[in-house]
Structure formats: structure tokens, C-alpha cells
Protein chains: 2
Amino acid sequence: MSRGTAADRRQDLIDAALRVIAREGVGGATTRAITREAGVSLGYFHYVFTSRDELITAVIDEVTDTDRFQGEEGGLAGRSAETDPAGVIEAGLNAYLDLLMASPHREQAMLELTLSALRMPDGQQQAKRQYEVYHRSAAEVLDAIARACGRSWATPVEDLAELLVVMTDGLTTTWLATRDSAAARRGARICAEAVTAHLEPDPVSTGPASLSHRR
Amino acid sequence: MSRGTAADRRQDLIDAALRVIAREGVGGATTRAITREAGVSLGYFHYVFTSRDELITAVIDEVTDTDRFQGEEGGLAGRSAETDPAGVIEAGLNAYLDLLMASPHREQAMLELTLSALRMPDGQQQAKRQYEVYHRSAAEVLDAIARACGRSWATPVEDLAELLVVMTDGLTTTWLATRDSAAARRGARICAEAVTAHLEPDPVSTGPASLSHRR
DNA sequence: GTCTATAATGGGATAGAC
DNA sequence: GTCTATCCCATTATAGAC
């Protein structure tokens with residue numbers, strides 16, 4: 001543990017902080033708890049970071065949840081997008097729900113960090129950047145699905161990406177509060193269908209009707 | 001301020017706590033800040049509550065967000081549900097967004113309180129109860145809409161209520177992070193259409209196609 | 001009931017030894 | 001670089017006066 005560069009130690013502290021926050025919440029993430037978790041002395045903390053706030057900010061910057069739409073992309077590897085686009089989105093949402101249910105504390109930590117960022121100087125911009133990443137990931141997935149099934153979206157992809165982000169966030173908070181996994185799975189299916197309802201009708205076969213996008 | 005029953009003083013402290021939490025976050029809601037806000041002495045706090053945790057628990061119990069689906073019910077007062085059910089839901093979501101945008105700190109406080117409850121003994125049950133209230137409110141609104149337009153839901157109302165709760169939560173966190181009001185409004189419209197897509201087709205006129213609910 | 005005063009703890013941050 | 005020791009402040013909670 002005591003080997004490596006200065007940057008490594010910084011990273012060790014960030015990782016330790018994330019574990020502590022997941023376990024105890026942002027409020028419980030004291031410098032003492034974090035340094036204990038990282039196996040360094042309290043004094044060393046202030047050699048690496050000037051303040052606790054600086055660490056929290058660094059944690060937020062680090063942990064934009066890169067796994068969030070990974071499941072979606074995994075689902076695209078299977079070839080089913082062509083025949084069952086809703087199934088692909090549902091599978092992606094379910095992959096995220098698997099992640100959430102396996103590590104609820106981690107996802108709760110993400111939420112707490114975002115909310116605490118909103119109360120810190122520059123935090124609003126940090127949060128904005130974080131959500132832009134989510135938004136872009138979601139938009140890419142939607143583009144890929146449309147390409148895979150040779151159809152196009154009847155509603156701007158940015159709006160549908162926003163919808164997907166909203167749904168992911170909503171499923172997270174709702175499940176964290178209720179722990180009703182069956183309801184979350186049903187929600188994922190309904191959400192997936194709601195998104196794919198915005199696919200233009202397949203030019204050849206007669207699929208389910210699409211929703212038009214009012215302007 | 002110094003008049004009233006013991007229950008009144010308790011209530012004063014709970015109200016003060018909520019204001020402080022909205023302003024400073026849960027972490028900043030110290031007994032000192034709360035008693036200062038309420039205009040009582042620090043010592044008096046522990047005459048009313050045995051501990052800070054007990055107060056936070058009381059705040060959570062108190063503030064289940066009763067306004068959350070109030071806009072929906074307001075929208076029902078207008079007679080448009082018969083001809084434009086999606087418009088009613090959209091108006092309800094927009095009424096909630098108005099509330100959110102007018103008092104972002106208040107809604108953020110709600111979220112922080114829910115998350116902090118999840119880390120307290122018995123907090124999971126508290127959160128569950130809170131979301132049951134939301135769920136029931138949403139289900140009632142959906143029932144009322146179906147009744148108003150003389151149609152029925154093709155998907156269990158409980159599932160659609162869940163969807164509405166998910167969307168409300170998701171719109172909240174997303175807007176708090178991005179402050180993109182235009183996107184939130186577009187999201188509200190798309191969400192409203194997604195819900196009403198689950199209305200059975202009107203038996204007389206030929207409306208837009210409905211989604212079937214797979215079992 | 002409501003206050004003041006104080007105890008007891010825990011926190012962030014720094015000084016300085018090694 | 002990394003640690004120990006320490007400072008100083010804020011916090012929760014209690015004791016006891018009024």
C-alpha cells in the first residue's frame with residue numbers, strides 16, 4: 001500500500017472515500033474515517049489534499065457513473081436489436097437494475113454526491129457535466145438501436161436520451177426507497193416500450209403505431 | 001413565538017429544521033442552526049427532542065411531499081380530461097415542475113431527507129411508506145382520468161402509477177442537476193404521452209393505438 | 001417551560017519530528 | 001513523503017438556575 005507515486009496515493013484516498021461514502025453516507029465520510037480506510041495517517045491527508053471539500057470534489061469528478069449505460073451497449077452486442085428494439089432497451093435497463101440491486105449503497109452514494117455537489121461552489125457545473133455524459137451515452141445507444149433495426153426515431157434523439165436518463169434516475173430513487181424489485185422490472189419494461197413507441201413505423205412490415213412528436 | 005402548547009413548539013422546530021435543511025443541506029442542519037432558526041435556546045431543543053436523530057426522523061415523517069401530485073388533481077378540475085387526457089397529465093407534471101423550479105431547495109431537501117432516512121434505523125420503512133403515498137396519489141389521478149374520459153387502462157393502474165412516480169423523481173433529479181427547464185418541459189410532455197398510450201382505444205372514435213401489456 | 005453554562009466528544013487542519 | 005502530536009473549533013448533550 002505504501003508504494004507508488006503521489007498520484008497513486010491521491011487515487012487511493014479517492015477510492016477509500018468512495019467506499020466510506022457508500023458505507024456511511026457523505027456525512028460519515030470524515031477525513032479520519034477516510035484515512036483509516038486508506039491505511040494512511042490523518043496528517044498525510046493534508047499533504048495530498050488541502051481540504052476535505054477538495055477531496056469530495058475530486059471524488060465527484062472521478063465517479064461519473066460510467067457503468068450506467070454499459071448494459072445497454074452490452075445488449076447491442078446481441079443481434080436482437082433488429083427484431084426487438086424494445087427488448088434491447090429493456091435488457092439494458094435490467095442490466096443497470098442488476099447493478100443497482102447488487103450495489104445499492106454505491107448508487108446511493110452517487111446520488112448523495114450529486115446532491116452535495118449542488119451545494120458546493122462550482123458544483124452545479126460539475127453536476128451538469130456529469131449528466132451530459134449520461135445524456136450522450138444514452139443518445140449513442142439510441143442511435144445504435146435505430147441503425148441496427150434500419151428505422152429512425154420520430155422524436156429528436158436528444159429528447160429520448162433525456163427520457164432514458166430521467167427513467168434511469170427515477171427507477172433508482174424509487175427502488176432505493178421501496179426495494180420493490182418486481183415493480184422496478186415492470187417499470188423497466190414499460191419504460192422500454194415507451195421509448196420504442198417513438199420509432200418510426202417499419203417501412204416494410206406493419207409494426208405498432210408510433211407517437212408523433214408535437215412541436 | 002413563545003406562546004402555544006408543547007406540540008406547537010415541537011412543530012416550530014420541525015418547520016425550522018426543514019427551512020435550514022433546504023438552505024444548508026442535511027449536513028448543515030445542526031441543532032444550533034435549527035434552534036437559532038426557530039428562535040429558541042439550544043438547551044430547549046433537548047427538552048423537546050431527545051436527540052438530533054429523533055428530530056430528523058420526525059421531519060421525514062412530517063414532510064411526505066403532499067404537493068407532489070396536487071397539480072394533477074388541479075388539472076382534473078378543468079374538463080379537458082375527456083378530450084385530452086395526455087394534456088391533463090402533462091399539465092399536472094408541469095404544475096409539479098413549476099413547484100420544483102420555484103423551490104428547488106425544498107425538493108432537494110426532500111431527496112436528501114429520503115436518502116438520509118435510508119441510512120437510519122427504521123428509515124427504510126419510513127421511505128417505503130412515503131412512496132406508498134406517492135403511489136396511491138398517482139393511482140387516484142389515473143383512475144380519475146380514465147373515468148373522466150370514459151375509457152380504461154390497458155395496463156394495471158398500479159404499474160402506471162409506479163411509472164408516474166418514477167418519472168416525477170427522474171425529472172426532479174435531472175432538472176436539479178442540469179437546470180435545463182426546456183428539456184424538463186419536453187420530458188413532461190413525452191412522459192405524459194407515454195402514460196396515456198396505455199389507454200384502451202376509445203370505443204367510438206379511432207384514437208392513437210394503445211400499447212398492450214405483456215404478462 | 002425556558003434559559004445559561006458547561007461538559008464531553010469529534011472534527012478539520014497544522015507543526016514539526018523522522 | 002509519512003507520521004505523531006497537538007491546536008482549535010463546532011457539535012451534541014446535560015446540569016442546574018430561574
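Every chain is numbered from 1 and lettered A, B, ... according to where its sequence line falls, protein lines coming before strand lines.
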**OP:** Would you mind telling me which of C:dC3, C:dG1, C:dA13 lies closest to the side-chain atoms of B:Y47?
**Re:** C:dG1

Original post:
According to the ring-ring contact (aromatic ring centres under 6.0 Å, His included) rule, which pairs have a member within residues 174-196 of chain A, sequence neighbours left out?
Top reply: none

Original post:
For A:R10, which residues count as a salt bridge (charged side-chain N to carboxylate O under 4.0 Å, His left out) partner, sequence neighbours excluded?
Top reply: A:E54

**OP:** Measure the distance from CD on B:E24 to C1' on D:dT11 and round it to the nearest whole Å.
**Re:** 15 Å

Original post:
Any ion pair linking A:R186 and B:E158 (charged N to carboxylate O, less than 4.0 Å)?
Top reply: no

**OP:** Return the value, rounded to whole Å, for the distance between atom CZ of B:F45 and atom P of D:dT11.
**Re:** 13 Å

Within the sub-3.5 Å range, which N or O atoms of nucleotides 6-11 of chain C have a protein N or O partner, and how far apart are they?
residue	atom	partner	partner atom	Å
C:dG11	N7	A:R32	NH1	3.3

**OP:** Applying side chain to side chain contact (heavy atoms under 4.5 Å, CB included), name anything that partners B:D98, two or more places apart in sequence or on another chain.
**Re:** B:R185

**OP:** Round to the nearest Å and state the distance from B:D8 atom CG to C:dG1 atom P.
**Re:** 12 Å

Subject >> Sequence neighbours excluded - ring-ring contact (aromatic ring centres under 6.0 Å, His included) pairs with any residue from residues 109-133 of chain B >> reply: B:Y131-B:Y134

**OP:** Would you indicate which nucleotide in D:dA13, D:dC3, C:dA13 comes nearest to any side-chain atom of B:S51?
**Re:** D:dA13

Subject >> Rounded distance in Å - CD1 (B:I34) to P (D:dA13) >> reply: 11 Å

**OP:** In whole angstrom, give the distance that lies between atom CD of A:E54 and atom P of C:dA13.
**Re:** 10 Å

**OP:** Let me know the distance between CG of B:D53 and C1' of D:dA13, rounded to the nearest Å.
**Re:** 13 Å

Subject >> Spacing between B:H46 atom NE2 and D:dT14 atom C1', to the nearest angstrom >> reply: 8 Å

Subject >> Upstream residue (5' side of DNA chain C) when B:A6 and B:G43 are each assigned their closest nucleotide >> reply: B:A6

**OP:** May I have all residue pairs that pass salt bridge (charged side-chain N to carboxylate O under 4.0 Å, His left out) and include part of residues 129-144 of chain A, sequence neighbours excluded?
**Re:** A:D61-A:R129

